[in-house]
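Quick note on labels: first sequence line is chain A, next is B, and so on, each numbered from 1.
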Number of protein chains: 2
Amino acid sequence: MATIKDVAERAGVSVSTVSIALKRDPRVKESTRQRILEAVQSLGYRPNGIARDLKMQQTQTMAVFLHDLGGPFYSELVSGVQDVALSHGYSPIVACSVGGKGVALERLLVENRVDGAIILDPYIEEDFIRQVAGPTLPLVLLDRDIEGSYVYRVTSDHEGGAFNVTMHLLEMGHRQIAFIGGPSVSVDGQLRFRGFTGAMKHFGVDLEKRFMILGDFTEQSGYAAAQTLLSQSPLPEAIFAGNDEMAIGVLRAFSERSIRVPEDIALVGFDDIRLTQHTTPALTTVHQPMYELGTVATQILFRALAGEETIAPVILETRVVIRASSGSRQ
Amino acid sequence: MATIKDVAERAGVSVSTVSIALKRDPRVKESTRQRILEAVQSLGYRPNGIARDLKMQQTQTMAVFLHDLGGPFYSELVSGVQDVALSHGYSPIVACSVGGKGVALERLLVENRVDGAIILDPYIEEDFIRQVAGPTLPLVLLDRDIEGSYVYRVTSDHEGGAFNVTMHLLEMGHRQIAFIGGPSVSVDGQLRFRGFTGAMKHFGVDLEKRFMILGDFTEQSGYAAAQTLLSQSPLPEAIFAGNDEMAIGVLRAFSERSIRVPEDIALVGFDDIRLTQHTTPALTTVHQPMYELGTVATQILFRALAGEETIAPVILETRVVIRASSGSRQ
DNA sequence: TGAATCTATCGAAACGTTTCGATTATGCGC
DNA sequence: GCGCATAATCGAAACGTTTCGATAGATTCA
């Protein structure tokens with residue numbers, strides 16, 4: 001692989017001249033620049049980005065860590081990130097942080113191979129995040145509640161959304177409402193639960209313990225939760241699944257047992273993933289502004305990169321999307 | 001940020017000793033290693049990966065380029081890549097190559113910031129790919145038909161899958177079959193068309209020109225294609241949409257006009273994205289082994305990285321998944 | 001004509017590692 | 001207490017850039 005030194009020799013100039021010529025510095029005469037360009041051509045020279053990163057002490061690269069890339073709305077998030085990052089001349093790269101620890105985390109964050117990162121993963125340990133964040137590596141956390149220097153936060157209004165969709169169920173006449181929660185580590189799951197209980201209390205409805213079930217945000221666990229509910233009686237009048245995936249699991253369990261939604265039991269989810277429009281019945285849910293989450297997080301990252309030290313956490317509004325599954329209780 | 005030099009000073013040893021001590025080299029005495037570890041601790045030292053990459057002339061990082069991260073089955077692909085990459089001590093990073101050119105492409109491929117890459121993007125220019133590939137940067141292309149040194153190929157059997165699903169339609173009694181194709185740049189789209197025509201020919205059924213419509217693999221374009229078909233008469237008896245997204249668009253158009261699937265028109269797609277199980281009716285389609293595509297591609301990448309120069313292209317089998325939408329013509 | 005200014009280019013240090021060959025310290029047998 | 005093998009550590013070069021200060025030559029001006 002040809003280096004800048006080879007180019008310099010070929011063009012009969014010094015390395016430094018090549019370096020500045022390549023960035024169209026007006027200090028170098030046009031004729032020599034041409035000569036250098038020819039040398040670049042004929043040698044097939046490509047600058048070594050790593051050497052540049054080392055010298056420059058920055059990479060112009062930021063990472064987005066997702067717990068699993070499969071998440072159905074991550075693509076929108078990444079779009080948001082990408083749009084903002086590109087306008088700053090940065091390349092976002094997406095990495096998977098399966099299990100909260102992993103090669104990528106180590107390599108990109110600990111060993112300083114990126115200038116900053118956006119993290120959406122409830123499983124990455126709080127200590128790790130606090131340790132690794134620093135003036136040369138600001139971290140924007142999504143849906144996490146960690147305080148620390150150079151750690152910034154953006155989240156959607158899970159509590160409000162959950163409150164509103166629960167109110168919707170209550171207004172539709174449902175009272176016995178079951179809640180299927182997310183994994184206990186996930187702050188968003190907790191906030192959704194809080195919104196739920198808030199609305200129930202606001203309406204003066206008591207919670208029934210046996211209607212509170214823990215899942216882990218997978219379709220599988222929604223299915224299991226539905227089984228649990230079905231094994232007891234009486235059934236609740238409605239179910240609030242902590243996210244759409246679990247709601248879909250519930251739907252599957254119900255369709256297997258020929259339980260009609262919403263006639264027999266109403267159902268709502270959270271997230272507004274694309275699938276919710278296509279299930280039978282279509283799912284009432286809470287829309288999260290994923291694209292905006294991406295743009296806002298990235299903007300914050302760049303403000304941090306620019307030296308701003310303290311930036312207040314941002315909470316983005318959610319919106320209830322009413323579809324067929326939450327039908328009224330007659 | 002503390003460097004290895006700082007650690008060396010603090011521990012009262014030389015830089016080289018620290019370097020080898022940190023990788024548990026038995027040449028350094030346990031007691032000094034402890035001293036060094038303490039220094040690392042107290043200084044909060046983190047190795048600079050970029051410096052290492054420069055020295056080592058490799059990054060242990062590979063890129064996966066996706067045209068848009070939103071693609072509904074990319075996550076499976078990436079899982080496959082990840083599983084193999086991790087077992088080789090590599091971190092895969094995913095980047096978006098919107099529009100075929102972009103900062104990330106430039107930064108990661110041209111400037112040598114990764115050791116190799118897997119590319120799934122019909123829009124990246126052939127010349128670029130051939131230029132950038134080299135002994136230090138093998139490239140594995142998915143669903144592309146580019147020959148070149150250090151360029152390797154993996155694809156699923158689009159033609160066979162299309163052939164088989166078309167045969168299925170024919171066997172169900174459908175004869176007037178419309179085809180909605182993908183963008184002309186996409187080889188997989190072309191192969192699917194070839195499989196389709198092959199089956200039609202095999203059955204001795206003539207193609208009707210007005211039933212051949214071009215889309216671009218988006219739901220939107222499927223919707224538009226359906227409109228086009230609906231504006232003419234008579235309608236075809238069945239539609240083969242070049243991918244599931246477009247099939248879903250067709251479904252939407254039909255449901256707006258109260259056209260029943262499969263009673264009025266049968267419909268099949270391609271890809272077996274998750275949504276196809278949940279549409280009404282569930283969609284007959286062709287399953288692509290995305291996870292396997294990821295693992296195979298990554299294995300090839302590592303073989304190339306290990307010095308193997310020529311590796312034959314691999315074609316993975318697809319499988320027809322029969323669901324309700326392709327019902328028989330009575 | 002000589003000093004001053006400008007233009008075009010150069011040399012060398014620096015970024016933070018790794019590694020090779022050299023050097024010093026330690027333990028051993030006699 | 002000597003030479004010798006072995007263990008432990010060190011110094012310096014290298015990876016490929018960027019940039020700062022220096023230098024040489026050309027141009028201007030009084």
Looking at CG of L43(A) and OG1 of T3(A), how far apart are the two atoms once the value is rounded to the nearest 0.5 Å?
9.0 Å
Please confirm whether any donor atom in the side chain of S16(B) sits under 3.5 Å from an acceptor in the base of dG11(D), or the reverse.
yes
Hey, does D83(B) have a side-chain heavy atom less than 4.5 Å from the side chain of Y291(B)?
yes
Here's a test of your reading of the structure: between A51(A) and R35(B), which maps to the more 5' nucleotide of DNA chain D?
R35(B)
Would you mind classifying the nucleic acid contact of T3(A) as base, sugar-phosphate or nothing, using non-hydrogen atoms under 4.0 angstrom?
sugar-phosphate
Looking only at side chains, do Q34(A) and E30(A) share a donor and an acceptor under 3.5 Å apart?
yes
Please classify the nucleic acid contact of V13(A) as base, sugar-phosphate, or nothing, using heavy-atom distances under 4.0 Å.
sugar-phosphate
How many whole angstroms separate atom CG of N112(B) from atom P of dC15(D)?
15 Å
So, is S14(B) near the phosphate of dG11(D), with a side-chain N or O under 4.0 Å from OP1 or OP2?
no
Whole angstroms only, please: what is the CZ-C1' distance between R52(A) and dT19(D)?
13 Å
Length of the CD-C1' vector between E111(B) and dC15(D), whole Å
16 Å
On DNA chain C, compare the nucleotides closest to K29(B) and P47(B); which residue's is nearer the 5' end?
P47(B)
Value in whole Å for how far the P atom of dG16(D) lies from CG of L43(A)
14 Å
L22(A) has an atom CG; how far is it from atom C1' of dT17(D), in whole Å?
11 Å
Taking only side-chain nitrogens and oxygens of T32(B), does any of them come within less than 4.0 Å of OP1 or OP2 of dT9(D)?
yes
Shortest side-chain distance from R27(B), nucleotide among dT17(D), dT18(C), dT9(D):
dT9(D)
Touch check for R46(B), heavy atoms < 4.0 angstrom, all strands: base, sugar-phosphate only, or nothing?
sugar-phosphate
How about T61(A) and R107(B): does a side-chain donor come under 3.5 Å of a side-chain acceptor?
no
To the nearest 0.5 Å, tell me how far R144(B) CZ sits from D121(B) CG.
7.0 Å
Euclidean distance, atom CD1 of residue I20(A) to atom P of dA12(C) [Å, nearest integer]:
17 Å
How many Å lie between CG on L54(A) and C1' on dC15(C), as a whole number?
4 Å
Return the value, rounded to whole Å, for the distance between atom NZ of K55(B) and atom C1' of dC20(C).
9 Å
Can you tell me if Q58(A) touches the phosphate of dC15(C), counting only side-chain N or O atoms and a distance under 4.0 Å to OP1 or OP2?
no
Between E30(A) and Y45(B), which has a closest nucleotide on DNA chain C that is more 5'?
E30(A)
Does dG16(D) have its OP1 or OP2 closer than 4.0 Å to a side-chain nitrogen or oxygen of Q57(B)?
yes
